[in-house]
J.: 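Have a look at the structure that comes next, please.
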Amino acid sequence: MVPQEAPESAQCLCPPLTSSNAKDVLRRRHKRRSRQHQRFMAQKALLQEQGLLSPPPEPGSSLLPTPSGTLPGTKAASSKRRRPQVEFGSAPCRRAAVGPLPSKCVAIDCEMVGTGPHGRVSELARCSVVSYHGQVLYDKYIRPEMPIVDYRTRWSGITRQHMHKAIPFQVAQKEILKLLKGKVVVGHALHNDFRALKYVHPRSQTRDTTYVPNLLCQPGLPVRARVSLKDLALQLLHKKIQVGQHGHSSVEDAMTAMELYRLVEVPWEQQEASSPRAPPEDREPDSSTDMEQYMEDQYWPEDLA
């Protein structure tokens, strides 16, 4: 016996699964990501107009293969540009034939507390490492080797409660250096971070964003020797960081440093490729051991410095 088909009125009684609220959430999320991408592309276009960035290659022009083996003008390269969020460890097509792969770039930022006499000794209390695309690879609170005298909460954001879940410095140091090994390390005033880690990173693999103004300046114009990360983020990225009275966020600062690096990545890497390399025995150490230089860093207010 063949069952009869259900009447048309009895079919499609279930309401559609996609509600208007869900569509609104997706639409807002898409707009937010679009605005971020538009700000980044606007800065890139401005640098191209000023001659600091090379324009995209013309169709039919001679192209050099990128490190990934594809050409910047091919269909594969364009598909990579449509999907800017790339997982850490992959080898996407690069915009230029020089410079490290994204999987070989990380950004770091450290927060320090005061130990020793009058809290003048700076020791590591938090460290954050992010990938080329801003994904958090490491973010842990770290217990200093000496007792904490000054948490410097107003600037570091560290409190006594954070130390309850902190790990010993020796353990954190091994974990962090494992992430930095063989990588191009991006950061702001990196000598402070490396000193807190008791580590010296190869200068050829260091990109300190305090040098970003030198890449953006016009010929004949004066350049400020030291510009804070907060000011660079506001002027170049049009974003506000380090606001409020809860101190800095090392994750936010590391992400901002990576954004600045990506903004001037092409001229920076071209400059690095063209600069002569000194023999290893003639190179200066990468991190400074001068305590007064740290206390004069742009993060500290003028009255305290």
Side-chain angles (χ1 to χ4, degrees), residues 33 36-37 40-41 43-44 47 53-54 56-57 63-110 127-140 172-188 190 193-194 197 199-209 211-212 215 229 237 250-275 277 286-287:
R33 291 179 178 176
Q36 293 174 352
H37 181 68
F40 181 81
M41 295 305 294
Q43 289 295 330
K44 180 179 178 182
L47 293 178
L53 283 180
S54 301
L63 298 173
L64 294 176
T66 60
S68 60
T70 59
L71 296 178
T74 59
K75 182 178 180 181
S78 61
S79 63
K80 291 293 183 182
R81 288 193 295 269
R82 287 195 298 267
R83 296 185 289 110
Q85 296 296 333
V86 182
E87 294 183 0
F88 179 76
S90 60
C93 178
R94 300 301 308 280
R95 297 189 302 274
V98 296
L101 294 172
S103 60
K104 294 297 183 179
C105 291
V106 296
I108 188 173
D109 187 77
C110 299
C127 181
S128 301
V129 181
V130 302
S131 70
Y132 179 84
H133 295 290
Q135 298 169 334
V136 179
L137 306 177
Y138 189 92
D139 183 33
K140 292 184 180 181
Q173 185 187 46
K174 292 179 180 179
E175 296 175 346
I176 297 166
L177 299 191
K178 185 177 179 180
L179 284 174
L180 303 186
K181 183 179 180 180
K183 300 292 196 308
V184 170
V185 179
V186 180
H188 196 80
L190 280 170
D193 303 318
F194 291 153
L197 286 167
Y199 169 67
V200 176
H201 196 70
R203 179 162 295 182
S204 61
Q205 294 180 302
T206 300
R207 303 292 183 267
D208 196 320
T209 54
Y211 299 105
V212 167
L215 294 172
L229 184 65
L237 303 176
S250 54
V251 172
E252 181 184 54
D253 290 353
M255 289 181 175
T256 302
M258 182 60 79
E259 288 184 58
L260 290 169
Y261 168 74
R262 293 179 61 181
L263 181 65
V264 294
E265 177 182 5
V266 173
W268 200 339
E269 293 303 334
Q270 290 174 346
Q271 177 177 305
E272 288 290 328
S274 61
S275 60
R277 297 294 179 189
D286 296 272
S287 55

J.: Between atom SG of C127 and atom CG of L180, what is the distance when rounded to the nearest 0.5 Å?
T.: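 Going from the SG atom of C127 to the CG atom of L180 covers 7.0 Å.
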
J.: For the pair M258 and C105, evaluate side-chain contact (heavy atoms from CB on, under 4.5 Å) and give the outcome as yes or no after the intermediate values.
T.: CA-CA 9 Å; M258 182 60 79; C105 291; 4.3 Å; yes

J.: Which heavy atom of W268 sits nearest a heavy atom of D208, and at what distance?
T.: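 Reported closest heavy-atom pair: CH2-O, 3.2 Å.
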
J.: Determine yes or no for a side-chain-to-main-chain donor-acceptor pair under 3.5 angstrom, with H201 supplying the side chain and K183 the backbone.
T.: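 Yes, because the side chain of H201 sits within donor-acceptor range (under 3.5 Å) of the backbone of K183.
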
J.: So, taking the atom named CG in L237 and the one named CE in M255, what distance separates them when rounded to the nearest 0.5 Å?
T.: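 If I round to the nearest 0.5 Å, the distance is 13.5 Å.
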
J.: Below 4.5 Å, heavy atoms only, C-beta onward: do E252 and D109 meet side chain to side chain?
T.: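 Contact flag for E252/D109 side chains = no.
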
J.: Start with the C-alpha gap between I176 and Y199, add the side-chain angles, then the distance that decides, and say whether side-chain contact (heavy atoms from CB on, under 4.5 Å) holds.
T.: CA-CA 10 Å; I176 297 166; Y199 169 67; over 6 Å; no

J.: Has D193 got a side-chain atom pairing as donor or acceptor with C110's backbone, closer than 3.5 angstrom?
T.: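 Here the side-chain-to-backbone pair exists.
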
J.: Locate the shortest heavy-atom distance separating L197 from Q173; write the atom from each residue and the value.
T.: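 That closest heavy-atom pairing would be O-NE2, 2.8 Å.
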
J.: Heavy-atom distance under 4.5 Å between the side chains of E272 and Q205, does that happen here?
T.: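 A side-chain contact under 4.5 Å is absent here.
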
J.: Please give me the minimum heavy-atom distance between H188 and L229, naming the atom from each residue.
T.: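 Shortest heavy-atom separation between H188 and L229 comes out as NE2-N, 3.4 Å.
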
J.: Can you tell me how far apart CZ (R203) and CG (L190) are? Round to the nearest 0.5 Å.
T.: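 CG of L190 is found 11.0 Å from CZ of R203.
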
J.: May I ask you to decide if V106's main-chain N or O and S131's side chain share a donor-acceptor pair within less than 3.5 Å?
T.: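 No; zero donor-acceptor contacts below 3.5 Å.
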
J.: Which distance, rounded to the nearest 0.5 Å, do you find between the OG1 of T209 and the CG of L263?
T.: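 Reported to 0.5 Å precision, the distance equals 11.5 Å.
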
J.: Grab the two heavy atoms, one from D139 and one from S128, that are nearest each other, plus how far apart they are.
T.: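 Taking D139 first and S128 second, the nearest heavy atoms are OD1-OG, 2.7 Å.
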
